[in-house]
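What's counted below: heavy atoms across the whole structure, side chains too, no hydrogens, waters or symmetry copies.
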Amino acid sequence: MLFDFENLNAGDTAWLLASAALVMFMTPGLALFYGGMVRTKNVLAMLMQNFFALGLVSVLWGLIGYSLAFGGDGPLIGNFDFVGLKDVATMYPPDPAGVEWFGLFTFPPVVFAAYQMMFAVITPALITGAIADRMRFSAWVWFLGLWAVIVYTPVAHWVFSPSGWLFERGALDFAGGTVVHINAGIAALAAVLVLGRRRGWPERPMPPHSLPLTLLGTGILWFGWFGFNAGSAGAANGVAGQAFMNTHMAAAAAMLGWLVVERIKSGHATTLGAASGAVAGLVAITPCAGFVGGIAPLIIGAVAGVVCFLAIQLKTRLGYDDSLDVVGVHLVGGLVGSLLLAFFADPAINAAVAEPGIFITDGGTALLVDQLVAVGATLVFSFVLTFVIVKALDVLLPGGVRVPEEDEETGLDLTQHSEVGYSFAER
Amino acid sequence: MKLVVGIIKPFKLDDVKAAVQDFGVQGLTITEVQGFGRQRGHTEVYRGAEYTIDFVPKVKLEILVDDGDALAVAERIMDAARTGKIGDGKVWVVPVDAVYRIRTGEAGTDAL
């Protein structure tokens with residue numbers, strides 16, 4: 001569908017460009033958030049796994065990813081219309097019959113492709129927190145590329161493309177609760193089940209080496225999240241403003257929720273708790289950002305802060321080494337947001353809400369059913385494919401996906417990258 | 001000659017240094033070390049998971065002294081390093097067979 005440049009709105013275009021840059025900044029922010037939590041000997045490897053996603057996933061997005069996520073009007077996956085960003089300067093994907101979606105956009109298609117690219121970059125990067133300290137870099141390169149194309153693009157198509165089957169069903173996901181957070185969170189679980197625990201976990205303490213880095217990363221994530229959520233309004237309008245406010249409210253309430261239970265259960269309000277709580281709130285509000293209003297973001301955030309804190313305690317009980325709690329924060333936070341949306345989605349906030357939430361006037365359970373279908377489909381699809389990808393790489397790659405024991409003890413910085421993060425003494 | 005070795009709380013280092021200098025000690029060597037005694041370590045909590053950190057940071061000091069000064073120097077260290085709370089550390093004295101000053105080749109007491 002040809003974009004009519006007569007419809008271009010400079011304000012909307014400017015906001016989308018700024019939002020794309022904000023979302024781009026989240027990936028280095030995430031790198032620092034995670035980087036501070038690993039041990040000194042693995043800090044660069046963690047930063048690199050994230051930062052490298054900006055390289056590889058961006059290239060793949062330009063070559064094929066955008067086309068597979070948004071090309072054509074099939075229900076399950078895109079096509080090859082936009083391979084190599086062909087025609088993206090002027091052409092949007094077609095709207096399905098009877099729906100006007102891309103036709104309403106007031107910014108050029110290439111801006112949309114750039115904005116969506118930043119989501120594709122950060123989503124697989126979220127998984128690095130689970131597999132920390134034990135994956136060979138070359139195995140990560142393969143995994144990252146395969147996952148971005150095979151797992152991310154179909155789910156993005158289902159939910160974000162107007163012809164996607166979940167979009168058509170009426171499931172709501174404002175900025176990526178299913179596509180980004182549930183998708184990456186369940187993939188993280190599948191990956192660590194294949195990869196196994198870090199050597200010495202949980203007997204040996206592996207405390208964070210630099211919480212200042214983690215807090216800096218959290219600040220960058222929070223800042224970038226305004227682009228992630230408010231940018232997903234696709235315009236510089238009231239919905240964008242609502243999404244902006246909701247994003248901030250949820251992060252703030254979740255920080256408080258997390259700290260309160262943490263203080264009660266383990267005696268102190270910690271810096272890492274404040275950071276983790278804020279991120280949990282940001283995750284949970286992501287699917288809801290432009291669909292809810294009033295006090296809803298505070299409730300969603302506070303619930304996410306409490307539930308995610310409790311969810312994290314599960315991993316030691318169940319015995320899977322999700323090193324930096326991608327499951328506890330992103331999967332559980334994503335579930336909290338995607339399901340609470342079915343209670344708070346409000347047509348008065350956003351006309352796109354066709355099925356009002358349970359707590360809203362004239363609301364009902366129709367949306368809850370759609371949300372459950374969307375969540376269930378993402379969980380199954382992402383878990384199975386991720387499990388298969390990691391397993392296949394472990395068999396096919398010479399040396400498998402895991403570093404040898406000795407390299408794990410020495411640390412990934414030296415063995416994978418031949419560098420060290422910190423050298424205080426002159427050498 | 002004797003070697004007086006002390007393990008002390010890091011924040012007491014300045015007091016101990018002043019006390020032994022006051023006594024007339026010409027030089028000392030310190031190392032940042034980690035260890036535990038009856039004080040044991042401490043616990044840290046990250047996202048609700050409790051870690052026991054066994055080794056507490058301490059400062060180790062080593063002072064070469066004349067035989068007759070050893071016990072007095074040990075006393076000075078003890079007095080300066082004492083807080084009365086658990087974890088104050090230890091001092092011990094060991095015999096030294098020979099000491100040389102590298103620059104001049106002086107040996108024994110002259111090298112102190």
Side-chain angles (χ1 to χ4, degrees), chain A residues 33-34 36-39 129 200-211 214-215 218 258-280 305-317 321-329 332 424-425, chain B residues 3 5-18 20-21 25-64 81 83-90 100-103:
Chain A
F33 177 70
Y34 284 156
M37 277 189 262
V38 297
R39 289 162 292 169
W201 187 87
E203 296 81 21
R204 205 195 303 168
M206 301 179 185
H209 90 282
S210 172
L211 289 178
T214 297
L215 215 66
T218 308
W258 184 298
L259 290 176
V260 167
V261 261
E262 187 181 44
R263 176 75 170 75
I264 292 168
K265 290 199 66 118
S266 54
H268 294 89
T270 67
T271 315
L272 182 58
S276 312
V279 171
V306 173
V307 172
C308 290
F309 175 83
L310 298 174
I312 278 176
Q313 320 306 322
L314 280 179
K315 71 171 177 185
T316 18
R317 234 170 262 175
D321 182 13
D322 168 18
S323 309
L324 312 179
D325 302 306
V326 181
V327 175
V329 174
V332 175
F424 294 116
Chain B
L3 178 67
V5 184
I7 304 284
I8 63 169
K9 287 185 166 164
F11 85 97
K12 279 291 187 183
L13 178 60
D14 283 343
D15 293 345
V16 171
K17 187 186 74 176
V20 296
Q21 270 185 319
V25 163
Q26 295 292 324
L28 62 85
T29 305
I30 65 158
T31 326
E32 292 177 29
V33 294
Q34 297 184 320
F36 67 84
R38 287 188 204 168
Q39 181 192 10
R40 308 298 306 179
H42 63 273
T43 56
E44 294 176 12
V45 185
Y46 297 100
R47 287 181 168 166
E50 212 169 270
Y51 295 115
T52 306
I53 308 297
D54 286 327
F55 298 108
V56 187
K58 296 283 170 188
V59 167
K60 176 179 178 185
L61 52 137
E62 292 167 299
I63 311 174
L64 281 166
T83 67
K85 295 198 200 86
I86 197 161
D88 274 350
K90 283 189 174 50
Y100 303 96
R101 188 187 308 281
I102 294 175
R103 176 171 55 85

K.L.:
side-chain contact (heavy atoms from CB on, under 4.5 Å) with B:R47: which of A:S276, A:C308, A:S266?
P.N.:
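Only one of A:S276, A:C308, A:S266 forms a side-chain contact (heavy atoms from CB on, under 4.5 Å) with B:R47, namely A:S276.
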K.L.:
Tell me, yes or no, whether the heavy-atom count around A:H268 atom NE2, taken from other residues, nucleotides or ligands under 6.0 Å, exceeds 12.
P.N.:
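Atom NE2 in A:H268 is not packed in, count stays at 12 or less.
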K.L.:
Could you tell me which non-hydrogen atom of B:V45 sits nearest to which non-hydrogen atom of A:T270, and how far apart they are?
P.N.:
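So the minimum-distance heavy-atom pair works out to O-CG2, 4.0 Å.
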K.L.:
Check each atom of A:T316 against the heavy atoms of chain B and say whether the ones under 4.5 Å are side chain, backbone, both or neither.
P.N.:
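For A:T316, no heavy atom lies under 4.5 Å from chain B.
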K.L.:
Please check if atom CZ in A:R263 has more than 12 non-hydrogen atoms from other residues, nucleotides or ligands closer than 6.0 Å.
P.N.:
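No, not enclosed.
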